[in-house]
*Asks:* 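This is the structure I want to talk about, given as structure tokens.
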Amino acid sequence: QVQLVESGGGLVQAGGSLRLSCAASGRSFRRCAMGWFRQAPGKGREFVGAINQSGGSTYYTDSAKGRFTISRDNAKNTVFLQMNSLKPEDTAVYYCTATSRTITTTPTFYDYWGQGTQVTVSS
């Protein structure tokens, strides 16, 4: 069992940066690949990126490449999403997720979800 709690969301101007954190409880964290999804108002849940169990491999959606970076600290059971050069279209609720599988973009393959944190980017 893994419980996830996101933090770090907020309001930022376009071009700014935010760093989201996801604190995980439970002994299984190190065995989980971790993902970030987002959901904008009126839209479906969208894959943002993911990191494998060791932190040695990451994968991003095209809109996140070059702007977002996922990292993890297994000693502190925490995963991070560093977001730079933010755009108004990045406005969404961001969710941290965990899976016992390898990195995947499919939300139904993730076993655990956080409650989400709001990111709002003003133009």
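What you see below is based on every heavy atom in this structure, not just the backbone, and it leaves out hydrogens, waters and symmetry mates. It should be emphasised that the depicted structure is a prediction, and the values quoted were computed from it without experimental measurement. Residues: numbered from 1 along the sequence shown.
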*Asks:* Atom CD in Gln118, atom CD in Glu6: separation rounded to 0.5 Å?
*Replies:* 12.0 Å

*Asks:* Output the distance between atom CH2 (Trp36) and atom SG (Cys22), rounded to the nearest 0.5 Å.
*Replies:* 5.0 Å

*Asks:* Would you say that Ser63 contacts Glu46 through its side chain, given a criterion of any heavy-atom pair below 4.5 Å between the two side chains?
*Replies:* yes

*Asks:* Measure the acute angle between the ring planes of Phe37 and Trp113, then classify it against the limits of 30° and 60° as parallel, tilted or perpendicular.
*Replies:* tilted

*Asks:* Is Leu4 reachable from Val93 through a run of I, L, V, M, F, W or Y residues, each pair having side-chain heavy atoms under 4.5 Å apart?
*Replies:* no

*Asks:* At their closest point, which heavy atom of Asn74 faces which heavy atom of Gln53, and how far apart are they?
*Replies:* ND2-O, 3.1 Å

*Asks:* Evaluate the criterion side chain to side chain donor-acceptor pair (under 3.5 Å) for residue pair Asn84 and Ser17; output intermediate values, then yes/no.
*Replies:* CA-CA 4 Å; Asn84 300 327; Ser17 298; 2.9 Å; yes

*Asks:* Is any NZ, NE, NH1 or NH2 atom of the basic residue among Asp111 and Arg101 found under 4.0 Å from an Asp or Glu carboxylate oxygen of the other?
*Replies:* no

*Asks:* Between Ser71 and Val79, which heavy-atom pair has the shortest distance, and what is it?
*Replies:* O-CG2, 3.1 Å

*Asks:* Using modelled atom types and a 3.5 Å cut-off, is there a donor and acceptor pairing between side-chain atoms of Thr99 and backbone atoms of Phe109?
*Replies:* yes

*Asks:* Please report the closest heavy-atom contact between Ala98 and Met34, naming both atoms and the distance.
*Replies:* CB-SD, 3.6 Å

*Asks:* Which heavy atom in Thr91 sits nearest to a heavy atom in Val121, and how many Å separate them?
*Replies:* OG1-N, 2.9 Å

*Asks:* I'd like to know if Asp90 and Lys87 make a salt bridge, using a cut-off of under 4.0 Å between side-chain N and carboxylate O.
*Replies:* no

*Asks:* Where the side chain of Gln82 meets the backbone of Arg19, is there a donor-acceptor pair that is under 3.5 Å apart?
*Replies:* no

*Asks:* Identify whether NZ of Lys or CZ of Arg in Arg38 sits under 6.0 Å from the centre of the six-membered ring of Tyr95 and within 45° of that ring's axis.
*Replies:* no

*Asks:* Does a side-chain heavy-atom distance below 4.5 Å link Leu18 with Leu86?
*Replies:* yes

*Asks:* Give a yes or no answer on whether the side chain of Ser21 reaches the backbone of Ser7 with a donor-acceptor pair at less than 3.5 Å.
*Replies:* no

*Asks:* OG1 of Thr117 to OH of Tyr94: how many Å apart, nearest 0.5 Å?
*Replies:* 10.5 Å

*Asks:* If hydrophobic clusters are built from ILVMFWY residues whose side chains come within less than 4.5 Å, do Met83 and Phe80 share one?
*Replies:* no

*Asks:* Just do the side-chain contact (heavy atoms from CB on, under 4.5 Å) check on Tyr60 and Thr69 with the steps written out, would you?
*Replies:* CA-CA 8 Å; Tyr60 302 94; Thr69 303; 3.9 Å; yes

*Asks:* Look at the side chain of Thr106 and the backbone N and O of Thr108, then say whether any donor-acceptor pair between them is shorter than 3.5 Å.
*Replies:* no

*Asks:* Considering all heavy atoms of both residues, which atom of Ile103 and which atom of Ala50 are nearest to each other, and what is their separation?
*Replies:* CG2-CB, 3.7 Å

*Asks:* side-chain contact (heavy atoms from CB on, under 4.5 Å), that's the test. Do Tyr59 and Phe47 meet it? Break it down for me.
*Replies:* CA-CA 10 Å; Tyr59 181 80; Phe47 173 79; 3.6 Å; yes

*Asks:* State the OH-SG distance between Tyr110 and Cys32, to the nearest 0.5 angstrom.
*Replies:* 10.5 Å

*Asks:* Locate the shortest heavy-atom distance separating Ala24 from Val2; write the atom from each residue and the value.
*Replies:* CB-CG1, 4.1 Å

*Asks:* Is Arg72 positioned over the aromatic face of Phe29, cation under 6.0 angstrom from the ring centre and no more than 45 degrees off axis?
*Replies:* yes

*Asks:* My understanding is that only residues two or more places apart in sequence, or in another chain, count here; which of them pass side chain to side chain donor-acceptor pair (under 3.5 Å) with Glu89?
*Replies:* none

*Asks:* Check whether any side-chain N or O of Asn77 sits under 3.5 Å from a backbone N or O of Ala23 as a donor-acceptor pair, and report yes or no.
*Replies:* no

*Asks:* Answer yes or no: is there a side-chain heavy-atom contact under 4.5 Å between Val48 and Ile70?
*Replies:* no

*Asks:* What distance separates Ser54 OG from Arg30 CZ, expressed to the nearest 0.5 Å?
*Replies:* 12.0 Å

